[in-house]
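First comes the structure, then the notes that go with it.
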Amino acid sequence: MGFLKESYEALKENIDLHSVTLVAVSKTKPVEDILLAYESGLRDFGENYVQELCEKHTSLPKDIRWHFIGHLQTNKVKYIAPFVYLIHGVDSEKVLLEINKQGKKLNKTINCLLQIHIAKEETKFGLNETELEIIIEKYFSQHSSHQLEYVKVCGFMGMASLSKDTEQIKNEFQWLRSLFNKYQQLQTSNFKPAHLSMGMSGDYLLALKMGSNMIRIGSLLFGERKNL
Ligand SMILES: *Cc1c(COP(=O)(O)O)cnc(C)c1O
C-alpha cells in the first residue's frame, strides 16, 4: 500500500502544522512505508503494540519521535521507557507508578498523556472524571504528598465513539476539551497540560474544531489496515 503522499499534502493544506502536531499512526505498516513518510518530512509516528514499536525503533532513523498510543500493560513499560517520546494512553494509577519507576531507573522524565474515557463504548480504555480527579489530587496537586519525579503529564488523550452521529462525537470532544481547559489552570512541576490528543482519520476535522492540538492519523496516510 505504501504511503499516500497526496493525502499527506492535502492534510497539510487543511491543518496548521505550527499549532497542531500530526502523529502518523503506522501500526501494522512495514518500515518501508514509514521511511517514505519520513522522507516526506514526518517525524512523529504512533504505534500501539510494544513489540512492534521496539522493532521499528531499532530499524528506523533515531530522530523519529515515537508515540505510544495503545493500551499499555504495566509489565511492558520497561521496553519502551528508554526511547519513547510520549505515552498517550496512561489510564491507571498502576501504569503511572510503573512509568515513574522505569523513569527513575533511567534517570529520565517520561512524558505522558492521561487517557480519558469519552466514548459510549465500554470496551474503550480511559479514566473517568472521578478517577482523573483522584489521580490529580494524589500526585499532581500543589499539596500532594506523593511525588512522581520521573513522570510529566503533558496533557490528555481521548477517543470518540465509533459513530456516524457527529453531534455525539462533537459533544465527546467538547467535554474532553473542557476538562483540558479546567486542568490547564493547575500547573505544577510535573503536571503541565499542553497537548490535547484527539482526532483520527474519520473525525479529526471535528476534533480540531473542538480544540484538539494533536491528531493521530493512520489510514488516511497509509491506507486501510487489514483486520488483525
Ligand atoms: C489506530 C489508532 C488511530 C488511527 O486510526 P485511523 O482511523 O487509521 O486514523 C488513532 N488513535 C489510536 C489510539 C489508534 O489505536
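Scope of the values below: all heavy atoms of this structure, side chains included, with no hydrogens, waters or symmetry mates. Counting starts at 1 for both ligands and their atoms, in listed order. What you see is a predicted model, and the numbers here were worked out from it, not measured in a lab. Counting begins at 1 with the first residue of the sequence.
Paired with E47 under the rule side-chain hydrogen bond (donor to acceptor under 3.5 Å, both in side chains), one option of K27, H57, H67, K56 passes, and it is K56.
From C154, atom SG reaches atom CG of N190 across 10.0 Å, with rounding to the nearest 0.5 Å.
The salt bridge (charged side-chain N to carboxylate O under 4.0 Å, His left out) check on K124 picks up E121, with sequence neighbours excluded. Evaluation of the ring-ring contact (aromatic ring centres under 6.0 Å, His included) rule for F140 yields F191 as partners, not counting sequence neighbours. Listed by chain and residue number, nothing satisfies the salt bridge (charged side-chain N to carboxylate O under 4.0 Å, His left out) test with D16 (two or more places apart in sequence, or in another chain).
Protein residues having a heavy atom under 4.0 Å from any atom of ligand 1 are V25, K27, I69, M157, M159, M200, S201, R216, I217, G218, S219, R225, listed by chain and number.
Judged by the 6.0 Å and 45° rule, R43 forms a cation-pi pair with Y38.
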